[in-house]
Amino acid sequence: METNLCVAGFGGQGVMTLGKFLATATCDSTDKNVTFFPSYGAEQRGGTANCFVVISDESVGAPLGDVMDDLIVMNGPSLNRFIKTLKPGGTLFINSSIVSEETGRTDIKVVKAPVTEMALEMGNSKVLNIIMLGVYIGFTGVVSPEVVWDTIEHKLGKKPKLLPLNKEAFEKGLKMGRSQR
């Protein structure tokens, strides 16, 4: 089994962090092989950012980025740029707070999650990536939620005051992802 995922959005939306958390959780706590490949635009915050995560039972070469099983888009330009890479039968995860465009495709599954709106309701826009990670894990089950949360908790361990908000964000995302299976 191999899962190819592209996560794309603006710099500052936590795209790289989402990808790193997923890759690290999988690598540290399963027997699967993982590749994480980041790609930044000319600017960090506000510019484009995307990353590729490949999770496989077999050895993983370099991620090619031309055929994705799953695609997470956090903004409209990312949808327009990467929608063609999503294979028929693949799953598109959309930040529906920002992305209102239609995909023009009927051969994919679409999971809509208003993660920006949810993060703002929680009082901190920076947790939108953790909500979306929860949505992805809740929907796909590619890695156990406990393993992913352990990674988030470990990575944020130096800032313990951030843990309750991030835990709540992850749980909300899991619930939303599971409800759309």
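Source: prediction; values computed, not measured.
- Lys167 has a carboxylate O that lies under 4.0 Å from a charged side-chain N of Glu171, or vice versa, which qualifies the two as a salt bridge.
- Exactly one of Thr24, Thr26, Val143, Leu156 qualifies for a side chain to side chain contact (heavy atoms under 4.5 Å, CB included) with Thr151. That residue is Thr24.
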- Task: For Asn166 and Trp149, run side-chain contact (heavy atoms from CB on, under 4.5 Å): C-alpha distance rounded to whole Å, both residues' side-chain angles, the deciding distance at 0.1 Å, then the answer.
- Result: CA-CA 9 Å; Asn166 279 276; Trp149 174 251; 4.2 Å; yes

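- Rounding to the nearest 0.5 Å gives a distance of 8.0 Å between CG of Leu128 and CG of Leu120.
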- Please step through side-chain contact (heavy atoms from CB on, under 4.5 Å) for the pair Val53 and Phe21, ending with a clear verdict. CA-CA 10 Å; Val53 179; Phe21 283 170; over 6 Å; no

- Message: Is there a side-chain contact (heavy atoms from CB on, under 4.5 Å) between Glu168 and Lys172? Walk through the geometry before answering.
- Response: CA-CA 6 Å; Glu168 181 184 354; Lys172 284 180 184 247; 3.2 Å; yes

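- Side-chain contact between Val142 and Ile137: present, with at least one pair of heavy atoms (C-beta onward) separated by less than 4.5 Å.
- In this structure, Leu133 and Ile152 have side chains that are in contact, with non-hydrogen atoms separated by less than 4.5 Å.
- In this structure, CE on Met74 lies 6.0 Å from CG on Leu18, to the nearest 0.5 angstrom.
- Within the structure, the salt bridge (Lys or Arg N to Asp or Glu O under 4.0 Å) test picks out the following pairs touching residues 87-97 (sequence neighbours left out): Asp69-Lys87.
- In this structure, the side chains of Ile131 and Met122 come closer than 4.5 Å at one or more pairs of heavy atoms.
- Sorted by first then second residue, the side chain to side chain donor-acceptor pair (under 3.5 Å) pairs that include residues 92-101, not counting sequence neighbours, are Asn95-Thr116.
- When side chains are defined from C-beta on, Leu5 counts as touching Leu22, because their heavy atoms get closer than 4.5 Å.
- For the atom pair CG of Leu165 and CD1 of Ile130, the computed distance is 9.5 Å after rounding to the nearest 0.5 Å.
- Rounding to the nearest 0.5 Å places CG of Asn50 at 6.0 Å from CE of Met16.
- Proximity of Val54 to Glu2: side-chain heavy atoms (C-beta onward) are separated by under 4.5 Å at one or more points.
- Put simply, CD1 on Ile55 and CG on Asn4 are 9.5 Å apart, with the number rounded to the nearest 0.5 Å.
- Remark: Ile94 CD1 to Ser78 OG distance equals 11.5 Å, nearest 0.5 Å.
- Lys126 places none of its side-chain heavy atoms less than 4.5 Å from the side chain of Leu162.
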- Task: Test side-chain contact (heavy atoms from CB on, under 4.5 Å) on Ile83 and Ile108 and set out the steps.
- Result: CA-CA 10 Å; Ile83 189 65; Ile108 59 173; 3.9 Å; yes

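- Contact of the Lys109 side chain with the Gln180 side chain is not registered, since no non-hydrogen atoms from C-beta on lie closer than 4.5 Å.
- Heavy atoms of other residues, nucleotides or ligands lying less than 6.0 angstrom from NZ of Lys155 number 12 at most.
- In this structure, Gln13 and Met132 have side chains that are not in contact, with every pair of non-hydrogen atoms separated by 4.5 Å or more.
- In terms of hydrophobic clustering, with Ile, Leu, Val, Met, Phe, Trp and Tyr side chains grouped at heavy-atom distances under 4.5 Å, Leu174 and Met118 are assigned to a common cluster.
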